Amino acid sequence: MSAQRRAYYDRIAAHGLTPLWEVLGALVPPSPRSPAQPALWRYAELRQYVMEAGEVITAEEAERRVLILENPGLRGQSCITQSLYAGLQLILPGEVAPAHRHTQSALRLVLDGEGAYTAVDGERTTMRRGDFIITPAWTFHDHGNLGDQPVVWLDGLDIPTVRFLDAGFAEKAATHTQSVARPEGDALARYGSNLLPMDYAPKPADPTRVFVYPHDKTRVSLQAIASAGAPDPHLGHKLRYVNPATGASPMPTIAAFTQWLPAGFETRGLRSTDGTIHVCLEGEGEAEIAGTTYRYAENDVFVVPSWHTLKLRASRDAMLFSFSDRPVQQALGLWREERL
Ligand code: GTQ
């Protein structure tokens, strides 16, 4: 750089100015260049460290005893993609993770152990492996373990999105455990059975009042469509979770999906602008992400950053759960995908 330019940049810097032409290519790239990297977390290797957290701190002291899955390209930022956070939460028998609420939206995918519950706005749901549970923004929630086994689930939150917007609020509830206001199953009966209360008129972006999508029901649906026809070449047998009252994603900031890949099946390459976190609930196989192959097995988590081509293979019948910020991108007219 010429001495004249250098001196000029230094002089304008003192006035809070900087030249666009030095950064234009990076600011407006021809296609996404995510700093996030593809990565896979092997549950069989991580489980011991998750259990060890139970010896290091109590759920109550921690408020939430979670090991964050940090993207290797985004260390220190508590995120798995630029917009989403993921972590493994442990709750031991007899423990309570005290009630609080925040403007961040959360999902849980139950992975290991039985006997825990999550309570959302006064209703408990028993956490069974594979259940997809949500706690929408600003709903009080607490977790407890009434059983005799450690229970582990994957948390997915829009923490980085809310941080980006500087829109985070949180508060603790007056009591550790919410009092039970309605029997278990109430929300599913009222909002999740192709029926709705007479006076219920949700706005388009309202989160669903159905806060648990039971694994057994989802699996039955996947099995039915898998035996009814050939898999989509790019998706296998894939369905999206919805707010049944609106058809929109369960929460406004996070989309979630479930997918069945028959043994021996391989998807064609697909890339999309929503960086996506996948969890293997059943079976095993390979994820080829931008040319690098990762082997996945039960309870493994892998992340596909924005605009990285994904090919999935199943060596045994595989069931995958996934989530992303797709509804945010779609609301803003930004979402793109390319099927190769
Ligand atoms: O369960 O409320 O992994 O507030 C991070 C923040 C879980 C929770 C996390 C949270 C929670």
Side-chain angles (χ1 to χ4, degrees), residues 41 43 46-47 49-54 56-71 74-92 95-113 115-128 131-146 150-165 167-178 207 211-213 250-251 253-254 256 277 279 299 301 303 321 323-325:
W41 289 260
Y43 189 74
L46 301 187
R47 189 178 189 277
Y49 300 110
V50 174
M51 294 302 158
E52 208 179 322
V56 170
I57 194 164
T58 65
E60 195 170 329
E61 192 191 347
E63 190 164 339
R64 296 294 185 265
R65 190 203 285 117
V66 180
L67 297 184
I68 302 172
L69 306 183
E70 268 196 336
N71 190 291
L74 304 169
R75 290 312 297 261
Q77 299 180 51
S78 305
C79 49
I80 190 160
T81 66
Q82 291 266 68
S83 62
L84 293 168
Y85 156 108
L88 293 169
Q89 181 159 176
L90 168 71
I91 187 155
L92 296 174
E95 284 190 327
V96 166
H100 69 190
R101 64 177 174 178
H102 36 69
T103 49
Q104 292 82 0
S105 301
L107 67 82
R108 334 274 169 200
L109 186 74
V110 186
L111 295 180
D112 196 359
Y117 68 84
T118 284
V120 180
D121 264 347
E123 183 179 333
R124 287 184 181 181
T125 189
T126 303
M127 302 176 92
R128 299 186 179 86
D131 285 356
F132 164 51
I133 295 166
I134 65 164
T135 53
W138 211 239
T139 54
F140 277 112
H141 52 283
D142 54 273
H143 317 294
N145 187 341
L146 304 172
V151 175
V152 179
W153 64 81
L154 182 87
D155 282 324
L157 287 92
D158 57 7
I159 286 172
T161 302
V162 175
R163 180 172 58 195
F164 172 72
L165 297 169
F169 293 86
E171 64 185 26
K172 292 177 201 227
T175 53
H176 268 184
T177 302
Q178 295 181 67
F211 68 101
V212 56
Y213 298 76
M251 300 181 290
T253 50
I254 309 178
I277 300 95
V279 188
N299 289 358
V301 179
V303 59
F321 170 86
F323 67 100
S324 79
D325 63 12

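Remember, it's 1-based here, ligands and their atoms both numbered in the order they're listed. Residue numbers run from 1 in the order of the sequence given. Just so it is clear, the model here is predicted, and its values are computed rather than measured.
In summary, the atoms of ligand 1 found under 4.0 Å from a heavy atom of His143, numbered by their order in the structure, are 1 (O), 8 (C). For ligand 1, the atoms lying closer than 4.0 Å to a non-hydrogen atom of Val66 are 3 (O). The atoms of ligand 1 that sit less than 4.0 Å from any heavy atom of His100 are 2 (O), 4 (O), 8 (C).
Ranking protein heavy atoms by distance to atom 7 (C) of ligand 1, first place goes to Asp155 OD2, 3.2 Å. In this structure, the protein non-hydrogen atom closest to atom 5 (C) of ligand 1 is Tyr85 OH, 3.4 Å. In terms of protein heavy-atom proximity, atom 11 (C) of ligand 1 is closest to Arg64 CG, 3.6 Å.
Under 4.0 angstrom from ligand 1, the non-hydrogen atoms of Leu157 all belong to its side chain. The side chain of Gln89, and not its backbone, has at least one atom closer than 4.0 Å to an atom of ligand 1 (non-hydrogen atoms only; side chain from C-beta on).
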query: Passes side chain to side chain contact (heavy atoms under 4.5 Å, CB included), Leu74 versus Gln82? Steps please.
result: CA-CA 8 Å; Leu74 304 169; Gln82 291 266 68; 3.7 Å; yes
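For Ala53 against Leu90, the heavy-atom pair with the smallest separation is C-CD2, 4.5 Å. In terms of heavy atoms, Trp153 sits closest to Ala116 at CZ3-CB, 4.5 Å. Of all heavy-atom pairs between Leu157 and Ala106, the closest is CG-CB, 3.5 Å.
For the residue pair Thr135 and Arg101, no side-chain donor N or O sits within less than 3.5 Å of a side-chain acceptor on the partner.
Relative to atom 4 (O) of ligand 1, the option among His102, Gln104, Glu63 with the closest non-hydrogen atom is His102.
Atom CD1 in Ile91 sits 8.0 Å away from atom OG1 in Thr118 (nearest 0.5 Å).
Residue Glu60 forms a side-chain contact (heavy atoms from CB on, under 4.5 Å) with just one option from Glu95, His176, Arg65, and that option is His176.
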